[in-house]
Participant: 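Quick one: the structure is below, and I'll ask about it shortly.
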Amino acid sequence: AINASGQIVGSGRTATAASTQRAARYDPATGTTVNLGGINERSDARAINASGVVVGAGRSTSTSSTQRALRWGADGTITNLASSLPAVES
């Protein structure tokens, strides 16, 4: 996903942690990619708004099919929305 500022979000893996998928945000203004983190093992960013707030999902383990809705603030804070939304099976 991409916003009007050209920030791009999605997910990726590193060579040192190839089994761990993490949400990431690329900022063309700084030329940097930031690992947004997640709730334990896996996360995926799916949308970003004009303010830089990101939404996506995370799993507690790499083999878990239960996803939790996540929100990453523009300041990098992670909110697990599971307290207000039920888990879904993928």
Participant: Judged by atom type as modelled, is there a donor-acceptor pair below 3.5 Å linking the side chain of Asn3 to the main-chain atoms of Asn49?
Facilitator: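 Here the side-chain-to-backbone pair exists.
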
Participant: Return the minimal non-hydrogen interatomic distance between Ala1 and Ala47, and the atom names on each side.
Facilitator: CB-CA, 3.8 Å

Participant: Between Leu70 and Val55, is there a side-chain heavy-atom distance shorter than 4.5 Å?
Facilitator: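 Not in contact.
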
Participant: Any chance you could measure Arg22, atom CZ, to Arg42, atom CZ, to the nearest 0.5 Å?
Facilitator: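 Arg22 atom CZ to Arg42 atom CZ measures 10.5 Å (nearest 0.5 Å).
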
Participant: Checking Trp72 side chain against Ile78 main chain: does a donor-acceptor pair fall under 3.5 Å?
Facilitator: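 Checked: no pair found.
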
Participant: Would you mind reporting whether Val9 and Arg46 have side-chain heavy atoms less than 4.5 Å apart?
Facilitator: no

Participant: Would you call Arg25 and Asp27 a salt bridge, taking side-chain N to carboxylate O under 4.0 Å as the test?
Facilitator: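 No, Arg25 and Asp27 are not salt-bridged.
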
Participant: So, for Ala74 and Ser51, which heavy atoms are closest and what is the spacing to 0.1 Å?
Facilitator: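 Minimum heavy-atom contact is CB-O, 3.4 Å.
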
Participant: So does Tyr26 get a backbone contact from the side chain of Thr33, meaning a donor-acceptor N/O pair under 3.5 Å?
Facilitator: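 Here the side-chain-to-backbone pair does not exist.
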
Participant: Which heavy atom of Asp44 sits nearest to which heavy atom of Gly10, and what is that distance?
Facilitator: OD1-C, 3.8 Å

Participant: Using the side-chain contact (heavy atoms from CB on, under 4.5 Å) rule, take Leu81 and Arg68 through it: C-alpha gap first, then chi angles, then the decisive distance, then the call.
Facilitator: CA-CA 7 Å; Leu81 301 174; Arg68 300 289 181 191; over 6 Å; no

Participant: Checking Ser43 side chain against Ala23 main chain: does a donor-acceptor pair fall under 3.5 Å?
Facilitator: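 Side chain of Ser43 to backbone of Ala23: a pair is present.
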
